[in-house]
There are 2 protein chains.
Amino acid sequence: MAQSTPIYDDSTFFKNYLDLPRQQHGLDGAPEWPILRSMVGPVQGDKVLDLGCGLGWFSRWAVDNGARHVDALDVSRNMIEKAKEMTPTGMQSTTINYQVKDLEEGLSLEAASYNVIYSSLTFHYLETTTFTRLLGLFHAALKPGGRLVFSVEHPIYTAPTCDTFISVDLPSGQKEESIWPLNRYGYEGLRQTRWLGGHIRKHHRTLTTHVQGLLDAGFVISGVREYMASEEDLAKEPRWKGALERPIFLLIKADKSKSI
Amino acid sequence: MAQSTPIYDDSTFFKNYLDLPRQQHGLDGAPEWPILRSMVGPVQGDKVLDLGCGLGWFSRWAVDNGARHVDALDVSRNMIEKAKEMTPTGMQSTTINYQVKDLEEGLSLEAASYNVIYSSLTFHYLETTTFTRLLGLFHAALKPGGRLVFSVEHPIYTAPTCDTFISVDLPSGQKEESIWPLNRYGYEGLRQTRWLGGHIRKHHRTLTTHVQGLLDAGFVISGVREYMASEEDLAKEPRWKGALERPIFLLIKADKSKSI
């Protein structure tokens with residue numbers, strides 16, 4: 001079973017999770033969403049797969065924007081139940097197929113059936129062997145010309161022993177308040193941390209592993225972006241200033257060639 | 001004039017530079033070379049452009065491996081003179097055209113004329129506007145199916161205020177000896193540091209800017225690698241262990257489509 005299951009189905013953690021701005025306000029509460037939206041592009045008539053759909057915000061956005069069908073998967077039963085509650089009845093039965101599904105346990109997808117495969121902040125919970133295997137599966141499951149768009153915690157964010165900013169007196173004598181204590185970048189694998197009062201297990205992978213995995217699976221890389229807080233983001237949420245000191249999110253768009 | 005000129009033409013700095021393993025031992029002294037070599041691939045019959053050629057190690061490797069012609073450019077007169085000295089007379093007059101050239105000052109290249117454009121650890125000396133403009137020029141100067149292969153100092157390496165490892169007592173109470181004090185990642189631009197007894201001016205750019213610049217210029221990304229020290233590298237050079245704590249080099253291969 002995926003290691004992220006217990007935590008998302010823990011009631012205290014889940015309550016804290018629901019209080020996050022991106023759960024309260026949906027996609028507009030996620031500062032990286034405008035980049036992802038531009039990577040996804042128009043979805044009119046598309047068949048969409050949403051992996052780690054959470055409360056279903058993206059799935060409903062896709063339907064609102066003309067997607068023909070969405071398969072929305074999440075490992076957490078809590079999450080899927082809540083997503084169903086939040087989905088208008090007509091929309092759910094006709095176009096969004098919510099399913100509790102553990103990506104670590106094997107997923108089978110019909111070949112050349114999706115226009116869009118989307119995943120927000122989910123893949124860093126997967127072991128690298130699973131991640132790499134899934135990329136091959138996604139490539140096969142996309143129609144020619146289809147796209148995979150996903151975000152993960154940035155490798156700079158997942159790497160270090162200590163994942164909080166620290167205040168440091170630099171050798172120069174200068175005092176810096178927001179130093180990200182980077183280490184262990186080249187050592188891929190399990191990282192354990194605390195978040196929202198729960199114990200989190202995630203997997204650190206380098207940029208190299210992400211990009212080479214996509215290329216090896218046959219994808220064409222068409223976007224690699226790091227979320228950087230804009231002036232407008234900072235006016236709304238001063239806490240995103242940290243993203244300018246070290247990136248938090250890595251966003252990737254990868255296409256299946258039209259000529260395959 | 002490029003800001004790196006004075007430093008490479010400073011006699012003390014240049015003497016120290018010549019003592020570096022990668023200058024003493026050529027390509028085999030550079031641990032990232034095997035990755036770059038695999039990105040470059042066979043060069044038999046190719047016309048090659050080597051930007052920031054330094055002592056000409058790569059240019060001579062290309063000729064030794066069957067390249068038809070190499071244009072080898074460097075901003076430093078010292079470097080070009082030394083490169084010429086190190087080049088067998090026959091090779092130089094027939095196949096390697098060494099030129100002192102400042103990439104910041106405008107470069108003109110014949111359209112669709114090169115099979116390979118190569119650059120090792122040079123582009124981080126260029127301002128981003130120059131770098132971006134050059135990518136367009138390189139795309140135009142490559143033959144269809146040609147490739148651009150380059151290395152730069154990794155954005156993680158160029159970003160911070162302090163570019164040395166520090167020892168830190170983490171909030172957990174754990175003491176870590178090799179913390180890379182990352183900050184300022186999102187703030188692109190000039191960085192000044194000291195290296196080999198000289199003052200160095202270089203330009204920090206995010207991963208996003210590198211990759212999007214290539215995509216915007218029309219390139220197909222076919223390799224993105226971070227040098228990570230192997231067991232074998234560490235046996236030869238224990239000091240490369242630092243590269244596992246935070247990457248030093250970013251290596252990219254970008255292709256011009258065959259169908260253009």
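Letters go in sequence order (proteins before strands), and every chain restarts at 1.
When heavy atoms are compared at a cutoff of 4.5 Å, A/L250 approaches chain B solely by way of its side chain, counted from C-beta outward. Only the side chain of B/L170 comes within contact range of chain A, with heavy atoms under 4.5 Å apart.
Using a 4.5 Å heavy-atom threshold, the side chains of B/S172 and A/C162 count as separate.
Between chain B and the options A/I179, A/L251, A/L182, heavy-atom pairs under 4.5 Å are most frequent for A/L182. In terms of heavy-atom pairs under 4.5 Å with chain B, the best-connected choice from A/V211, A/T209, A/N183 is A/N183.
The two residues A/Y185 and B/R246 have their closest heavy-atom pair at CB-CA, 4.0 Å. Taking both residues in full, the closest heavy atoms of A/T164 and B/P171 are given as OG1-CG, 4.0 Å, listed atom of the first, atom of the second, then distance. The two atoms that bring B/V224 and A/Q212 nearest to each other are N-OE1, 3.1 Å, heavy atoms only. In terms of heavy-atom proximity, B/Y187 sits nearest to A/K241 at OH-NZ, 3.4 Å. Closest approach of A/L215 to B/I221, counting heavy atoms only: CD2-O, 3.5 Å.
Note that CG of A/L244 is 8.5 Å distant from CZ of B/R184, once rounded to the nearest 0.5 Å. Atom OG1 of residue B/T161 and atom CD of residue A/E176 lie 4.0 Å apart, to the nearest 0.5 angstrom.
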